[in-house]
Amino acid sequence: MEVSPDFVAEIAEEIRKIVANHSQVDWTNNKTIHDRISQDIDDLFYGYEKERGLKLSFDTIDKIIENVKTVALRRF
């Protein structure tokens with residue numbers, strides 16, 4: 001599947017919303033919130049696979065989730 005820049009931007013915006021929705025005071029040390037972010041991102045990719053045919057390996061999704069959390073912990 002060819003992934004357009006607009007689709008990548010859509011995915012990035014949805015992930016940004018997920019992180020923003022879970023951000024709260026002292027969330028950076030809260031494993032429960034980290035787990036919710038991970039689950040919501042995983043669900044997002046599952047939805048994209050079902051609805052739009054985006055196929056990513058579990059390893060790729062896990063790497064994306066870990067990278068998102070690393071960046072989010074530095075920026076939010």
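Keep in mind that what you see is a predicted model, and the values were worked out from it rather than measured.
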Practice task
Check step by step if side-chain contact (heavy atoms from CB on, under 4.5 Å) holds for I65 and I37.
Solution key: CA-CA 8 Å; I65 289 169; I37 289 171; 5.9 Å; no
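No more than 12 heavy atoms of other residues, nucleotides or ligands lie within 6.0 Å of CG in D26, so this atom counts as exposed by the packing criterion.
Judged as a side chain to side chain contact (heavy atoms under 4.5 Å, CB included), and not counting sequence neighbours, the contacts of F7 are M1, V3, S4, E10, I11, Y48, R52, L54. E51 is linked by a side chain to side chain donor-acceptor pair (under 3.5 Å) to nothing, counting only residues two or more places apart in sequence or in another chain. For D35, the side chain to side chain contact (heavy atoms under 4.5 Å, CB included) partners at least two apart in sequence or on another chain are K31. Qualifying salt bridge (charged side-chain N to carboxylate O under 4.0 Å, His left out) partners for K63, counting only residues two or more places apart in sequence or in other chains: none. Residues passing the ring pair (Phe, Tyr, Trp, His ring centres under 6.0 Å) test with H34 are W27, sequence neighbours excluded.
The CG atom of L73 lies 8.5 Å from the CG atom of N29; values are rounded to the nearest 0.5 Å. Summarising the geometry, atom CG belonging to L44 is positioned 11.5 Å from atom CD belonging to Q39; distances are rounded to the nearest 0.5 Å. Taken to the nearest 0.5 Å, the CD1 atom of I61 stands 11.0 Å off from the NZ atom of K55.
Contact of the V71 side chain with the V19 side chain is not registered, since no non-hydrogen atoms from C-beta on lie closer than 4.5 Å. For the pair I64 and F45, the minimum side-chain heavy-atom distance is below 4.5 Å.
Sorted by first and then second residue, the salt bridge (Lys or Arg N to Asp or Glu O under 4.0 Å) pairs with a member in residues 36-45 form an empty list; sequence neighbours excluded.
Hydrophobic clustering of Ile, Leu, Val, Met, Phe, Trp and Tyr side chains at less than 4.5 Å, counting indirect connections, unites V68 with V8. A single hydrophobic cluster is not seen to contain both Y46 and I18; linkage of ILVMFWY side chains at heavy-atom distances under 4.5 Å, directly or through other members, places them apart.
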